[in-house]
Amino acid sequence: MTKLALLLLLLPIGLSGQKMGFDDIDGRKLKPWLVKDKAAYQMAYHFGDSEAESNLLLLVDAGKCYAQISWGEWTNDGAKWLKRFETLSNVRIEGNRFFSSKTNGEFVLYIDKGDTTRCLKVYQPWSGVTEKGQYEVGFVAGKAELFVDGQFPQASLRQLSSAELAKMSKADLQLMRNEIYARYGYLFKAGGAMHTHFSKQDWYQGQSADVNKFLTELERSNLLLIQQAENK
């Protein structure tokens, strides 16, 4: 056995090879992140780096959990940067453990040189910066509401109520409903009112004629409520 092979065998498990972005981290510095209310985990978690970066947006509302991964990629000709989304299903939180259809993990604290970083450790990474069998750690990039664009972000952040919608004008209800689709880059009819409105928004990027697969269960529920309010 070579000296290098012997050294690798003697390295403590979790010491190297695990990733936060492109950086290796010391797994021994990860501690459980425990909270009294799982709503405290409602954050955007940043994974990967550069063109391999993505955010996992985690929402907790009325005991239900929702998660969605967003990232960007160039078109084949390299002319345009497109937003991409993947909505996860079967999302739940038990203690500090995270479960979903795509990946499972734990909410952890990375404590290094006196600094504490809140993180989500996932065991089935998607960014491509890790090797097979490695986990990846995504750090808190900010509160969830900072990552939802538009005039009516609440339609994508929490369950709306019929009472609050009844106080809104039909024009605002229509805008709120279409804004949900606009956040995913829905292509509105050229020259129409929604196309004219959203084309003026810095965050809007029309790129797809069908965005229904990206909608979260929360957004689908709110769309029905908004439509009911519009019809009254």
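We number each residue from 1, following the sequence as shown. Bear in mind that the values here come from a model prediction, so they are computed numbers and not experimental data. In what follows, every heavy atom counts, from backbone to side chain, and hydrogens, waters and symmetry copies are set aside.
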Is any side-chain heavy atom of Arg177 closer than 4.5 Å to one of Gln227? yes
For a salt bridge (charged side-chain N to carboxylate O under 4.0 Å, His left out) check, start with the C-alpha distance between Glu106 and Lys121, then their side-chain angles and the critical distance, and finish with the verdict. CA-CA 5 Å; Glu106 301 175 61; Lys121 178 173 72 172; 3.6 Å; yes
Below 4.0 angstrom, N of the basic side chain to O of the carboxylate: do Asp26 and Arg28 qualify? yes
Ring pair (Phe, Tyr, Trp, His ring centres under 6.0 Å) with Phe85: of Phe147, Tyr186, Trp71, Phe214, only one passes, and it is Phe214
Over all heavy atoms of both residues, which pair between Leu82 and Thr75 is shortest? Give the atoms and the distance, please. CD1-CG2, 3.5 Å
Look only at the side chain of Gln201 and the backbone of Gly150, and say whether a donor-acceptor pair between them is shorter than 3.5 Å. no
What pair of heavy atoms forms the shortest contact from Leu187 to Tyr204, and how long is it? CA-OH, 3.9 Å
Tell me the closest heavy-atom pair linking Val211 and Tyr184, and the distance in Å. CG1-O, 3.6 Å
Separation between CE of Met20 and OG1 of Thr117, rounded to the nearest 0.5 Å: 5.5 Å
Other residues, nucleotides and ligands only: do more than 12 of their heavy atoms fall within 6.0 Å of CZ on Arg97? no
Arg84 and Ser70: side-chain hydrogen bond (donor to acceptor under 3.5 Å, both in side chains), yes or no, with the steps? CA-CA 6 Å; Arg84 300 300 192 195; Ser70 62; over 6 Å; no
Test item: side-chain donor near acceptor, Tyr123 and Gln134, under 3.5 Å: no
Mark yes when over 12 heavy atoms from residues, nucleotides or ligands other than Glu217 sit less than 6.0 Å from its CD; otherwise mark no. no
Between Val35 and Val91, is there shared hydrophobic-cluster membership here, with clusters defined by ILVMFWY side-chain heavy atoms closer than 4.5 Å? yes
Which value, rounded to the nearest 0.5 Å, describes the distance between Ile69 atom CD1 and Ser54 atom OG? 6.0 Å
What distance do Met194 atom CE and Gln174 atom CD have between them, rounded to the nearest 0.5 Å? 4.0 Å
Note, Trp203 side chain near Phe198 side chain (heavy atom, < 4.5 Å): yes
Any donor and acceptor pair, going by atom type alone, linking the side chain of Lys31 with main-chain N or O of Leu109 inside 3.5 Å? no
What is the minimum heavy-atom distance between Gly191 and Thr196, and which atoms define it? O-OG1, 3.9 Å
Main-chain N/O of Leu160 paired to Glu164 side chain as donor or acceptor, under 3.5 Å: no
Please round to the nearest 0.5 Å and tell me the distance separating atom CG of Asn178 and atom NE2 of His195. 13.0 Å
Check the pair Lys83 / Gln205 against side-chain contact (heavy atoms from CB on, under 4.5 Å), numbers first and verdict last. CA-CA 8 Å; Lys83 295 180 180 179; Gln205 181 181 355; 3.8 Å; yes
Under 4.5 Å between side-chain heavy atoms, counting indirect links through other Ile/Leu/Val/Met/Phe/Trp/Tyr residues: same cluster for Phe152 and Leu173 or not? yes
Could you tell me whether Asp202 atom CG has more than 12 heavy atoms of other residues or ligands within 6.0 Å of it? no
Hydrophobic cluster membership, with links at side-chain heavy-atom distances under 4.5 Å among I/L/V/M/F/W/Y: are Val108 and Val122 in one? no
For the CD atom of Gln159 and the CG atom of Leu59, what is their distance to the nearest 0.5 Å? 12.0 Å
Between the side chains of Trp126 and Glu86, is a donor N or O closer than 3.5 angstrom to an acceptor N or O? no
Worked check of side-chain contact (heavy atoms from CB on, under 4.5 Å) between Tyr135 and Leu30: CA-CA 12 Å; Tyr135 60 73; Leu30 293 172; 3.5 Å; yes
Is it the case that the side chain of Ser50 and the backbone of Ala52 share a donor-acceptor pair, with hydrogens and angles ignored and the cut-off at 3.5 Å? no
Answer yes or no: is there a donor N or O on one side and an acceptor on the other, between the side chain of Asp112 and the main chain of Gly114, under 3.5 Å? no
Kindly determine whether Gln68 and Thr87 satisfy side-chain hydrogen bond (donor to acceptor under 3.5 Å, both in side chains), including the steps that lead there. CA-CA 4 Å; Gln68 187 176 74; Thr87 299; 2.8 Å; yes
Going through the checks in order, is the ring-ring contact (aromatic ring centres under 6.0 Å, His included) test met by Phe139 and Tyr110? CA-CA 9 Å; Phe139 60 85; Tyr110 185 61; over 10 Å; no
Atom of Ala144, atom of Gln42 and distance for their closest heavy-atom approach: CB-CG, 3.8 Å
Taking it one step at a time, do Asp149 and Arg183 satisfy salt bridge (charged side-chain N to carboxylate O under 4.0 Å, His left out)? CA-CA 7 Å; Asp149 296 308; Arg183 280 192 270 274; over 6 Å; no
Might you work through the side-chain contact (heavy atoms from CB on, under 4.5 Å) test for Phe98 and Leu58, ending with a clear yes or no? CA-CA 10 Å; Phe98 172 82; Leu58 178 61; 3.9 Å; yes
With a 4.0 Å cut-off on N to O distance, would you call Asp61 and Arg158 a salt bridge? no
Classify the ring geometry of Tyr45 against Phe107: parallel below 30°, tilted from 30° to 60°, perpendicular beyond 60°. tilted
Under 6.0 Å from the CG atom of Asn231, do we count more than 12 heavy atoms belonging to anything else shown? yes
Can you list the steps and then say if Arg92 with Glu94 is a salt bridge (charged side-chain N to carboxylate O under 4.0 Å, His left out)? CA-CA 7 Å; Arg92 71 183 194 278; Glu94 297 178 2; 2.8 Å; yes
Among the clusters formed by ILVMFWY side chains lying less than 4.5 Å apart, do Leu215 and Tyr66 turn up in the same one? no
What distance do Arg118 atom CZ and Thr116 atom OG1 have between them, rounded to the nearest 0.5 Å? 10.5 Å
side-chain hydrogen bond (donor to acceptor under 3.5 Å, both in side chains) between Glu136 and Ser127, intermediate numbers included: CA-CA 9 Å; Glu136 185 179 354; Ser127 68; 2.7 Å; yes
Are the side chains of Leu218 and Ser156 in touch, meaning some heavy atoms are under 4.5 Å apart? no
Starting from Leu157, can I reach Leu223 by hopping between I/L/V/M/F/W/Y residues whose side chains sit under 4.5 Å apart? no
Where is the tightest heavy-atom contact between Met176 and Ala155, given as atom of each residue plus distance? CG-CB, 3.8 Å
Test item: Cys119 and Val140 side chains (from C-beta on) under 4.5 Å apart, heavy atoms: no
Determine, step by step, whether Ile25 and Lys19 satisfy the side-chain contact (heavy atoms from CB on, under 4.5 Å) criterion, reporting the C-alpha distance in whole Å, the side-chain angles of both residues, the deciding distance to 0.1 Å, and the verdict. CA-CA 6 Å; Ile25 62 171; Lys19 296 285 187 178; over 6 Å; no
